[in-house]
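As a basis for the values below, the full set of heavy atoms in this structure was taken, side chains included, without hydrogen atoms, waters or symmetry mates. Below, chains carry the letters A, B, ... as their sequence lines are ordered, and counting in each starts from 1.
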Protein chains: 2
Amino acid sequence: MKLLDIGEITERSGVKPSTLRYYEEVGLIQSITRHGLRRQYEPQILTKLSLITLAKAGGFSLTEIAGMFSEKGQLQIPREQIRERADLIDEQIKELTALRNVLHHVADCPAPSHMECPSFQRMLKASDRRKPAKKKPPTK
Amino acid sequence: MKLLDIGEITERSGVKPSTLRYYEEVGLIQSITRHGLRRQYEPQILTKLSLITLAKAGGFSLTEIAGMFSEKGQLQIPREQIRERADLIDEQIKELTALRNVLHHVADCPAPSHMECPSFQRMLKASDRRKPAKKKPPTK
DNA sequence: ACTTGACCTCAAGTTGGCTTGAAGTCGTAT
DNA sequence: ATACGACTTCAAGCCAACTTGAGGTCAAGT
């Protein structure tokens, strides 16, 4: 199984060298060995990078993403956490859908002022219900 | 129409005073007047804040969000931009869906190593197709 | 008249996720 | 043997989006 150096990884994953080094620095990925000074990667890192990119697009932090992998690079998430994360994603999808609906409303509704259009307001209120964020939000 | 002060806005929107002041500083919202030193807001700011919160959840930057409002606080987006943004959101939804599918796969697939499971890899490759990001990504 | 507490300003600090720059190291092709 | 170019390190810088802290103001209640 031939190894790839950082330039090839960049070319095939779209992730910049500086980013790859940064990911390594924070422990998210690792290069398997060096050829001289040069990092050498196993091809399977590409799969991992796809996953990282995807999870980032899903709004997960690098720390959260790192927590999805076990020692030897295997994806290892306890079932309960998977359910939680999946729910979280569903939540995000709902928000995005709401946002898209709002945009479509703006495109289509003939009301002079959207901000006062009742159906517009209803859409927004609906999206609020998911984040009551009362007095002391658990800022974690 | 009675005015609200910052504490009430916080209570009803879940947006902290420091954040509200920051939003004002960057021109995203404005308080209509002062009572002594205290900012007074029109109740309709709450609708605007809902929209801001929603758009933020959709991954839009404050600058982009600011661009969606006209001078007098009305939502004013050229149709073409609405289409673009809606497409962008659809894109994000697809990514999130892919991510959720990956998670479900991990929960269900009996393969010893997901990273090598062909159907797992297929899902990831599919998500890659959307961001080829060749040599010089147009960093805008 | 005084106290209280919710607000205020302004500058500086924080976090996450990178990027940039200067200076150095190597393997490969000539 | 030398030059080239792709890599390397390390520290510092950058951006967005806030948050924090010190010190100040003010209206309303007693």
Please list, pair by pair, any protein nitrogen or oxygen found under 3.5 Å from a nitrogen or oxygen in nucleotides 25-30 of chain C.
{"residue": "C:dG27", "atom": "O3'", "partner": "A:His35", "partner atom": "NE2", "Å": "3.4"}

**Fill in**
B:Ala86 meets the side-chain contact (heavy atoms from CB on, under 4.5 Å) criterion, sequence neighbours left out, with A:Arg100, A:His104

**Prompt:** Within the pair B:Arg39 and C:dC8, is there a side-chain N or O less than 4.0 Å away from OP1 or OP2?
**Reply:** yes

**Prompt:** Rounded to the nearest 0.5 Å, what separation is found between the CD atom of B:Glu91 and the CG atom of A:Leu96?
**Reply:** 11.5 Å

**Complete:** From CD of A:Glu24 across to P of D:dC7 the rounded distance in Å is 14 Å

**Whole-Å distance separating the CZ atom of A:Arg21 from the P atom of C:dT20** = 12 Å

**Message:** Could you measure the distance from the CG atom of A:Asp90 to the OG1 atom of B:Thr97? Nearest 0.5 Å is fine.
**Reply:** 8.5 Å

**Whole-Å gap separating C1' (D:dT8) and CD1 (A:Ile9)** = 17 Å

**Request:** Report the distance from atom CD of A:Glu8 to atom P of D:dC7, rounded to the nearest whole Å.
**Result:** 8 Å

**Request:** Evaluate the criterion side-chain contact (heavy atoms from CB on, under 4.5 Å) for residue pair B:Arg12 and B:Leu49; output intermediate values, then yes/no.
**Result:** CA-CA 10 Å; B:Arg12 294 163 64 160; B:Leu49 286 172; over 6 Å; no

**Interatomic distance, B:Glu25 CD vs D:dT20 P [rounded to whole Å]** = 16 Å

**Asked** What's the verdict on side-chain contact (heavy atoms from CB on, under 4.5 Å) for B:Gln92 and A:Ile93, showing C-alpha distance, side-chain angles and the deciding distance?
**Response** CA-CA 8 Å; B:Gln92 280 180 255; A:Ile93 289 176; over 6 Å; no

Please list, for nucleotides 12-14 of chain C, all pairs of protein and nucleotide N/O atoms separated by less than 3.5 Å.
none

**Message:** Between P on D:dA27 and CD on B:Gln40, what's the gap in Å once rounded to a whole number?
**Reply:** 11 Å

**Prompt:** What is the nucleic acid contact for A:Arg34, judged by heavy atoms within less than 4.0 Å: base, sugar-phosphate only, or nothing?
**Reply:** sugar-phosphate

Which atom pairs, one a donor and one an acceptor, fall under 3.5 Å between side chains of residues 108-121 of chain B and the rest of the protein, sequence neighbours left out?
{"residue": "B:Ser113", "atom": "OG", "partner": "A:Gln74", "partner atom": "OE1", "Å": "2.9"}
{"residue": "B:Gln121", "atom": "NE2", "partner": "B:Met115", "partner atom": "O", "Å": "2.5"}

**Fill in**
In short, the helix from C:dA1-D:dT30 to C:dT30-D:dA1 is bent end to end, axes from five pairs each side, to 10°, by 10°

**Asked** Can you name the residues that form a side-chain contact (heavy atoms from CB on, under 4.5 Å) with A:Met123, not counting sequence neighbours?
**Response** A:Asn101, A:Val102, A:His105

**Request:** With sequence neighbours left out, write down each residue that passes side chain to side chain donor-acceptor pair (under 3.5 Å) with A:Ser61, or none if nothing qualifies.
**Result:** A:Glu64

**Prompt:** With B:Asp87, which residues qualify under side chain to side chain donor-acceptor pair (under 3.5 Å), at least two apart?
**Reply:** B:Arg83

**Per-nucleotide protein contact string for nucleotides 13-19 of chain D (B base, S sugar-phosphate only, - none; heavy atom under 4.0 Å)** = ----BBB

**Prompt:** Which is it for B:Arg21 and B:Glu25 under the side-chain contact (heavy atoms from CB on, under 4.5 Å) test, yes or no, and what are the steps along the way?
**Reply:** CA-CA 6 Å; B:Arg21 288 190 279 259; B:Glu25 199 183 313; 6.0 Å; no

**Asked** Going through the distances and angles, do A:Arg39 and A:Ile9 end up as a side-chain contact (heavy atoms from CB on, under 4.5 Å)?
**Response** CA-CA 10 Å; A:Arg39 287 167 177 81; A:Ile9 300 292; over 6 Å; no

Can you give each donor-acceptor pair under 3.5 Å made by side-chain atoms of residues 27-35 of chain A, sequence neighbours left out, with the distance rounded to 0.1 Å?
{"residue": "A:Ser31", "atom": "OG", "partner": "A:Glu24", "partner atom": "OE1", "Å": "3.3"}
{"residue": "A:Ser31", "atom": "OG", "partner": "A:Glu24", "partner atom": "OE2", "Å": "3.4"}
{"residue": "A:Arg34", "atom": "NH1", "partner": "A:Leu37", "partner atom": "O", "Å": "2.6"}

**Prompt:** Between atom CD1 of A:Ile52 and atom CD1 of A:Ile65, what is the distance when rounded to the nearest 0.5 Å?
**Reply:** 6.5 Å

**Message:** Rounding to an integer number of Å, can you tell me how far A:Leu20 CG sits from D:dC7 P?
**Reply:** 11 Å

